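These notes are about the structure you will find just below.
This is a predicted model, so every value here is computed, not measured.
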Amino acid sequence: MTQSDSIVSHATAVDVPVSDSVVSVKATRDTVQARRVTREVMPPVGAGQDTVSADTVKTLAKEYGLLLEPPVIPEVKENPPMSFGMSYILGGIAILFFVIGLRFRNNRKYITAMLRNLVEVRVRNNVFDETVRETSFLVLLNLLWSCSAGMILWGVLGFTLPGSPDSTMYLPSLDTRQAASVGVCMGVMTVYTCLMAVGYTMVGSVFSDGKHARLWLKGFTAGQGLLSFVYLPLSLLLLFYTEWTEILLWIALGTFLLAKIVFIWKGFRIFFTQISSWVLFLYYLCSLEIVPLILTYLAAWWLCSLL
């Protein structure tokens, strides 16, 4: 081998490792540069990766014609808590209804007597009308009507009064202290029933004799007692199904007006004896049928505003 050939072979042997090292250096530089670019583009771990990922997804969705939106999470509103004591009110109603059921057992003639007392105007002596069992049964039914009408009065207050706190008639206790406001309305209706019975007795005794006054009072108690069978389910539905408030109140108003019309017609037949009785009849309508209802509504509103 000549000297020139040895020099060429030596150069060739040296060129191979030099080219590999150059390629390796270039790859290393590209890797370092890629990592540097990645650090500049991508934020550190835990710092807004979700935002970057969401933006990337939205960009891809626009490129491919897709529309991706996050699901709408419904807002869950907390129901207003039932005021302490509502169970006692419902328990009292249940006990009262149970006692009335015991009184009513095997005595269906009570209902027949109540229907007769509601419409009859002829005075007659009846041993059954003087029994203690019928009197106690009527008292319990009128008490049941007063409690049921109190719950309906609570619904009337909530339906008619404004719901804005800026109003002077606003009653927050109807929602925040439900049991207490219902109890107040029940007490107001119980007082209304007692005062109305006293008023009918006094007016009947002044403008007629004692027998006709008692006959008129029996018509009032019979009407209230029969109305309790309608008002009890209405009041319970009003408490548990507030979305039915309007229709339930209209039904309660219609049945109340029907019972009042029958009772007023009975009083008209008892006391209307001459033409001048028209004036007394109008005074009666205003003083005993209209004004007490307005005063009862205002009394319930005032007492509930004190809670």
- side chain to side chain contact (heavy atoms under 4.5 Å, CB included) assessment of Glu289 paired with Ile264: CA-CA 9 Å; Glu289 300 298 343; Ile264 292 172; 4.2 Å; yes
- Task: Specify whether Trp145 and Phe256 have parallel, tilted or perpendicular ring planes, treating 30° as the upper limit for parallel and 60° as the lower limit for perpendicular.
- Result: parallel
- Query: Which of parallel (below 30°), tilted (30 to 60°) and perpendicular (above 60°) describes Trp216 and Phe263?
  - Reply: parallel
Minimum side-chain heavy-atom gap [X]-[Y] below 4.5 Å:
X      : Y      : value
Ile111 : Met114 : yes
Tyr297 : Thr160 : yes
Leu249 : Leu238 : yes
Leu118 : Lys266 : no
Leu232 : Ile93  : yes

- Note on the structure: Result for side-chain contact (heavy atoms from CB on, under 4.5 Å) between Met189 and one of Leu153, Val184, Ile152 points to Leu153
- Task: Answer with yes or no whether the hydrophobic clustering places Ile290 together with Trp301; edges join I, L, V, M, F, W, Y residues whose side-chain heavy atoms lie under 4.5 Å apart.
- Result: yes
- Task: Inspect the surroundings of CZ in Phe229 and state if more than 12 heavy atoms from other residues, nucleotides or ligands are less than 6.0 Å away.
- Result: yes
- Message: If you count every heavy atom of other residues, nucleotides or ligands that lies below 6.0 Å from Phe97 atom CZ, does the total exceed 12?
- Response: no
- Just by modelled atom types, is the Pro292 backbone N or O under 3.5 Å from a matching donor or acceptor in the Tyr192 side chain? no
